[in-house]
Amino acid sequence: VKANTANIAHVYQEGENIVITALGYGATTITLSATDTLSERVSVEFSVSVRIPEKGPKVSVKDNELTVDTYYDGAVMILITNSLGSAVFDGSISSGIFEPIKIDVTSFAPGRYSIRTEYDGRNFTSVFVKK
């Protein structure tokens with residue numbers, strides 16, 4: 001029994017039960033392995049997401065790719081505006097709990113941007129810098 005990212009979840013066996021305790025926010029993969037009396041081994045992996053819905057998405061930019069990690073499964077409305085308030089992106093993108101939204105920002109000029117996301121009945125505003 002192990003968690004791929006130890007700072008997000010702690011997992012251990014307690015008798016016949018598997019106990020998972022949230023330690024931080026994010027996503028991790030948990031692997032359960034068992035061996036029978038004939039030394040045959042089987043493993044199963046599953047994903048776990050720990051989040052605070054009120055906190056909003058995690059937004060980051062790397063190599064001209066904007067990543068919006070909502071930990072939400074469904075449509076996300078996104079409005080990105082530049083420092084002058086002009087919209088540079090406006091649309092709906094499908095998001096998955098373990099599949100962050102990726103937006104190519106190659107055409108964006110370097111600078112500070114505001115991103116407004118709407119999903120799960122909530123609105124969030126963040127900023128990011130495109131270098």
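Taking 4.5 Å as the limit, some side-chain heavy atom of Ile115 sits within range of a side-chain heavy atom of Phe128. Between Tyr72 and Ile97 there is no side-chain heavy-atom pair separated by less than 4.5 Å. Inter-residue side-chain proximity for Ile8 and Val48 is flagged as unmet; no heavy-atom pair is nearer than 4.5 Å. Using a 4.5 Å cut-off on side-chain heavy atoms (C-beta onward), Leu66 and Val68 make contact. Between Pro100 and Thr67, the closest side-chain pair of non-hydrogen atoms falls below 4.5 Å. The shortest side-chain heavy-atom distance between Ile93 and Ile78 falls under the 4.5 Å cut-off. You'll find the side chain of Val129 stays beyond 4.5 Å of the side chain of Val61, heavy atoms only. Taking 4.5 Å as the limit, every side-chain heavy atom of Val59 sits out of range of all side-chain heavy atoms of Thr117.
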side-chain contact (heavy atoms from CB on, under 4.5 Å) assessment of Glu45 paired with Ile30: CA-CA 6 Å; Glu45 288 186 354; Ile30 293 181; over 6 Å; no
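With hydrogens and angles disregarded, no donor-acceptor distance shorter than 3.5 Å links the side chain of Asp63 to the backbone of Glu65. Using a distance-only test at 3.5 Å, with no hydrogens or angles considered, a donor-acceptor pair links the side chain of Asn82 to the main chain of Leu84.
Within a 6.0 Å radius of NZ in Lys130, other residues, nucleotides and ligands contribute more than 12 heavy atoms.
Considering only residues two or more places apart in sequence or on other chains, Phe98 meets the ring-ring contact (aromatic ring centres under 6.0 Å, His included) condition with none of them.
The cluster map of Ile, Leu, Val, Met, Phe, Trp and Tyr, joined by side-chain heavy atoms under 4.5 Å apart, puts Phe89 and Val105 in the same cluster. Both Phe46 and Val50 sit in one connected hydrophobic cluster of ILVMFWY residues. Membership requires side-chain heavy atoms under 4.5 Å apart, directly or through other members. Clustering ILVMFWY residues whenever any of their side-chain heavy atoms sit less than 4.5 angstrom apart, transitively, puts Ile80 in the very cluster that holds Phe124.
Note that NZ of Lys102 is 9.5 Å distant from NZ of Lys62, once rounded to the nearest 0.5 Å. The distance from the OG1 atom of Thr35 to the CZ atom of Arg41 is 5.0 Å, given to the nearest 0.5 Å. Atom CD of Glu118 sits about 11.0 Å away from atom CG of Asp120, to the nearest 0.5 Å.
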Would you tabulate the side-chain donor-acceptor contacts of residues 14-28 under 3.5 Å, counting partners in other chains and residues two or more places apart, or write 'none'?
from: Thr28; atom 1: OG1; to: Asn4; atom 2: N; distance (Å): 3.4
from: Thr28; atom 1: OG1; to: Thr5; atom 2: N; distance (Å): 2.8
from: Thr28; atom 1: OG1; to: Thr5; atom 2: OG1; distance (Å): 3.4

Show me, pair by pair, the donor-acceptor contacts under 3.5 angstrom made by side chains of residues 107-114, not counting sequence neighbours?
from: Tyr113; atom 1: OH; to: Ala109; atom 2: N; distance (Å): 3.1
from: Tyr113; atom 1: OH; to: Ala109; atom 2: O; distance (Å): 2.6

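The two residues Ser49 and Tyr71 make their nearest non-hydrogen contact at OG-CD2, 3.6 Å. Taking both residues in full, the closest heavy atoms of Ser94 and Ile101 are given as O-CG1, 4.0 Å, listed atom of the first, atom of the second, then distance.
For the residue pair Thr70 and Ser95, a side-chain donor N or O sits within less than 3.5 Å of a side-chain acceptor on the partner.
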